[in-house]
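Take a look at the structure set out below.
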2 protein chains.
Amino acid sequence: MSSEVRGARRGVKGHPKSGPSIGDVARLAGVSAQTVSRVSTGSEPVKAETRDRVLDAMRQLGYAPNLAARALRRGNFRSIGLIAHQVIRTGESKTIEAVIEAARREGYSVSLVDVESPSSSDVSEAVQHLSHQAIDGLIIIRAETATPAALSLPPTLPVAVSDSRFIGHHPAVGADQVGGSRAAVQHLLDLGHATVHHIAGPADSGPADLRATAWRQTLVDAGREVPEPFGGDWSADAGYAIGSEIAQRDDVTAVFAANDEMAAGLIHALHEAGRRVPDDVSVVGFDDVDLARHLWPPLTTVRQEFHQIGHDLVEVIMRQLGGREQLTGYHGTVAAPLIVRQSTAAPRKRRRTRR
Amino acid sequence: MSSEVRGARRGVKGHPKSGPSIGDVARLAGVSAQTVSRVSTGSEPVKAETRDRVLDAMRQLGYAPNLAARALRRGNFRSIGLIAHQVIRTGESKTIEAVIEAARREGYSVSLVDVESPSSSDVSEAVQHLSHQAIDGLIIIRAETATPAALSLPPTLPVAVSDSRFIGHHPAVGADQVGGSRAAVQHLLDLGHATVHHIAGPADSGPADLRATAWRQTLVDAGREVPEPFGGDWSADAGYAIGSEIAQRDDVTAVFAANDEMAAGLIHALHEAGRRVPDDVSVVGFDDVDLARHLWPPLTTVRQEFHQIGHDLVEVIMRQLGGREQLTGYHGTVAAPLIVRQSTAAPRKRRRTRR
DNA sequence: GGGGAGAATGTTTACGTAAACAGAATGAGC
DNA sequence: GCTCATTCTGTTTACGTAAACATTCTCCCC
């Protein structure tokens with residue numbers, strides 16, 4: 001009877017509820033706990049008959065290994081932390097998807113933290129929160145304003161970052177922002193536009209800065225006038241607002257938007273004002289979100305291989321986890337090709353007067 | 001010397017590496033481990049001077065509590081599992097974002113599993129994987145083809161589902177698919193369209209089925225002809241392909257697409273074929289993704305309050321976790337209002353001949 | 001100053017698992 | 001049949017933490 005009492009008392013006295021333990025299974029199967037463990041992990045051979053008996057007992061009791069105990073014993077959690085700024089942004093969610101998939105393939109689960117506002121303290125807090133969580137590695141998709149120094153990660157925690165600012169501090173994987181941006185601007189220049197305007201991302205964003213700088217540099221290199229960039233915040237609404245302004249000007253014939261959403265908002269505003277795309281204004285985006293090809297007109301844009309990036313991030317973590325490789329200086333770059341669709345064309349010939 | 005040796009030997013013999021433990025802190029601070037625990041959890045009062053000494057020691061050693069041990073001792077993980085079908089679909093990622101945010105507010109982290117293909121075995125596997133993970137509750141955003149019976153969840157695990165098929169089996173929270181769909185179809189009928197065509201989601205999807213059924217029923221109720229629905233798969237590409245077909249027919253004046261992406265593809269195809277929206281064909285979507293208002297023309301659609309849903313899902317979990325409430329039959333419904341924009345209008349008067 | 005309440009701290013124990021070691025069973029070779 | 005290698009199984013122990021109980025200390029009151 002004593003065993004039943006023990007079982008029944010579970011959760012009543014002192015310790016919280018929990019399912020059947022390895023010991024309960026062992027008792028029912030008439031073997032030692034260690035043998036149950038061997039069956040459960042498959043680490044060492046067990047005689048077929050014994051194994052069956054144990055498996056039977058497991059099924060009968062609805063046994064599932066207690067992962068807290070297992071993690072405590074093994075010293076790892078088979079879990080990766082993931083910090084992202086806005087899950088919603090299509091690019092990021094693709095990367096996240098890839099991270100989750102790749103992690104699962106390695107037998108790891110992913111613990112996700114979203115940073116609402118990309119303020120430095122927010123990110124730091126998220127890191128604190130997560131790095132004290134039960135994780136074996138940490139992937140930071142976008143750290144935005146946080147600096148590597150401010151993060152104060154546990155020194156032994158494997159980290160992989162998809163943020164250019166962390167290069168040199170943590171292993172990084174990222175799209176070739178500069179190459180993609182230059183290709184976009186050059187494409188517009190090659191079509192015959194005198195210069196290219198830019199709708200930038202938020203001032204405190206690393207990628208936004210890279211794209212803006214590459215845009216400016218390409219114009220300078222080509223000896224073109226560098227107009228004042230428009231300041232956006234990644235949102236389609238911002239693109240729409242800026243587009244309403246641009247629609248009033250007839251000196252803007254080509255715009256490179258720092259992402260597809262702002263490009264979509266821009267095009268919307270131009271349509272509404274009766275300006276034609278690409279006849280009156282050519283537009284290039286950045287990201288190649290799924291809807292980009294179904295906008296009207298289908299959007300010329302720079303594709304980011306988010307899936308590849310997510311996959312590579314996990315690989316970087318796994319390499320640190322496995323071989324204790326020192327990867328601090330590692331920086332993987334994924335190509336960002338220009339996808340030419342129908343939102344770009346040669347400028348129409350017209351009078352050069354301003355207003 | 002023995003303590004140094006012990007410290008140095010960490011990770012060499014038998015047990016994996018791990019940071020300083022509560023005992024190391026205790027030794028350095030000259031107190032018992034229990035007192036360190038008290039400081040660390042703040043559960044019981046500790047004299048200010050002692051606390052400072054302990055905190056100092058913690059800082060000095062870079063101590064962070066071992067969450068596996070803590071979870072083992074406490075019997076919970078402060079972590080929620082989340083199963084979603086495609087993270088990428090905008091609606092879902094908004095819900096996920098809300099879940100993460102709400103969970104964090106409760107001090108919980110979120111462990112995410114994505115189900116690549118929504119086959120039954122895939123979902124079951126994901127559930128197995130996750131429910132054996134270190135989680136205290138499980139949220140299933142989209143279970144697709146999996147049936148409640150096939151899931152075989154641990155009976156004690158709190159669950160919340162955003163999938164109509166699980167109503168009655170698990171507590172559920174979902175948008176009012178039927179109400180939203182009926183409003184969309186009725187809106188088109190009210191504009192004067194003779195009937196409304198439908199681009200459905202995949203046949204094995206619950207929400208797709210609900211929307212299709214509501215569409216059909218609304219037509220029947222109005223005494224209208226029910227045309228054969230088009231079969232889509234949620235993707236914009238499918239919408240585009242179907243749109244190319246629809247563009248050839250002049251008997252289609254109004255289309256209700258089961259989501260915004262397919263609506264976008266449809267509009268793209270119509271544009272390309274020279275059919276005007278809404279003059280020739282009115283289009284309504286479902287979801288109200290961020291880009292819907294910036295499509296051309298801005299899309300009339302049914303809004304899903306994903307954020308609300310995500311928040312409510314967490315609340316349902318918390319209620320089970322807290323009061324041991326029995327919520328099996330619970331079903332929260334979130335309104336899905338029709339947002340009228342410019343992709344719908346009265347049909348133009350024209351000849352009734354077919355082809 | 002003795003007694004006692006309450007606060008502060010220490011000691012013991014258990015959570016469920018798996019590594020390390022130890023012992024038993026089996027079978028092969030002579 | 002006996003030794004030895006091999007395979008299988010059992011026993012002991014430790015992972016780091018926190019609940020329960022035990023003890024010490026402090027301070028107040030009579």
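Because the structure is predicted, anything quoted here is derived from the model rather than measured.
Judged as a salt bridge (charged side-chain N to carboxylate O under 4.0 Å, His left out), and not counting sequence neighbours, the contacts of A:D56 are A:R59. Residues passing the side chain to side chain contact (heavy atoms under 4.5 Å, CB included) test with A:A57 are A:V25, A:L28, A:A29, sequence neighbours excluded. Residues meeting the salt bridge (charged side-chain N to carboxylate O under 4.0 Å, His left out) test with B:E44, sequence neighbours left out: B:R38. Listed by chain and number, the residues in a side chain to side chain contact (heavy atoms under 4.5 Å, CB included) with B:R70 are B:S40, B:T41, B:P65, B:L67, B:R74 (sequence neighbours excluded). B:Q34 pairs by the side chain to side chain donor-acceptor pair (under 3.5 Å) definition with nothing, not counting sequence neighbours. Residues forming a side chain to side chain contact (heavy atoms under 4.5 Å, CB included) with A:A71 (at least two apart in sequence, or on another chain): A:F77, B:A68.
Closest to the side chain of A:R74, from the set D:dA20, C:dC15, C:dA18, is C:dA18. The side chain of A:V31 lies closest to D:dG10, out of D:dT17, D:dG10, C:dG16. Listed candidates were C:dA19, C:dT17, D:dA18. Nearest to the side chain of A:I22 is C:dT17.
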**OP:** Could you walk me through whether B:V39 and B:M58 pass side-chain contact (heavy atoms from CB on, under 4.5 Å), step by step?
**Re:** CA-CA 10 Å; B:V39 170; B:M58 283 182 176; 4.3 Å; yes
**OP:** Please report the C-alpha distance between B:F306 and B:E97 in whole Å, then the side-chain angles of each, then the deciding distance to 0.1 Å, and finally whether the side-chain contact (heavy atoms from CB on, under 4.5 Å) criterion is met.
**Re:** CA-CA 9 Å; B:F306 293 110; B:E97 205 168 69; over 6 Å; no
Original post:
Does the pair B:V161 and B:H169 meet the rule for a side-chain contact (heavy atoms from CB on, under 4.5 Å), with working shown?
Top reply: CA-CA 10 Å; B:V161 182; B:H169 298 272; over 6 Å; no
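Dashed line: the shortest gap from a side-chain N or O of B:T50 to OP1 or OP2 of C:dA8 is not under 4.0 Å.
The distance between atom CZ of A:R51 and atom C1' of D:dT7, rounded to the nearest whole Å, is 13 Å. The CD atom of A:Q34 sits 17 Å away from the P atom of C:dA24 (whole-angstrom rounding). Between the CZ atom of B:R53 and the P atom of C:dT9 there is a distance of 8 Å, given to the nearest Å. When rounded to the nearest whole Å, the span between CG of A:N66 and P of C:dG16 equals 7 Å. Straight-line distance from the CG atom of A:N76 to the C1' atom of C:dA18: 12 Å, rounded to whole Å.
Looking at B:L61 and B:R27, their side chains never come closer than 4.5 Å, going by heavy atoms from C-beta outward.
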Any N/O pairs under 3.5 Å between the protein and nucleotides 22-25 of chain D? List them or say none.
none

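Axis orientation changes by 40° from one end of the helix from C:dG1-D:dC30 to C:dC30-D:dG1 to the other, with each end axis drawn from 5 pairs and the value rounded to 10°.
When each of A:V159, A:I140, A:L138 is paired with A:H170, the side-chain contact (heavy atoms from CB on, under 4.5 Å) condition holds for A:V159 and for no other.
DNA chain D is contacted by A:T35, A:R38, A:P45, A:V46, A:K47 of residues 35-49 of chain A, taking any non-hydrogen atom closer than 4.0 Å.
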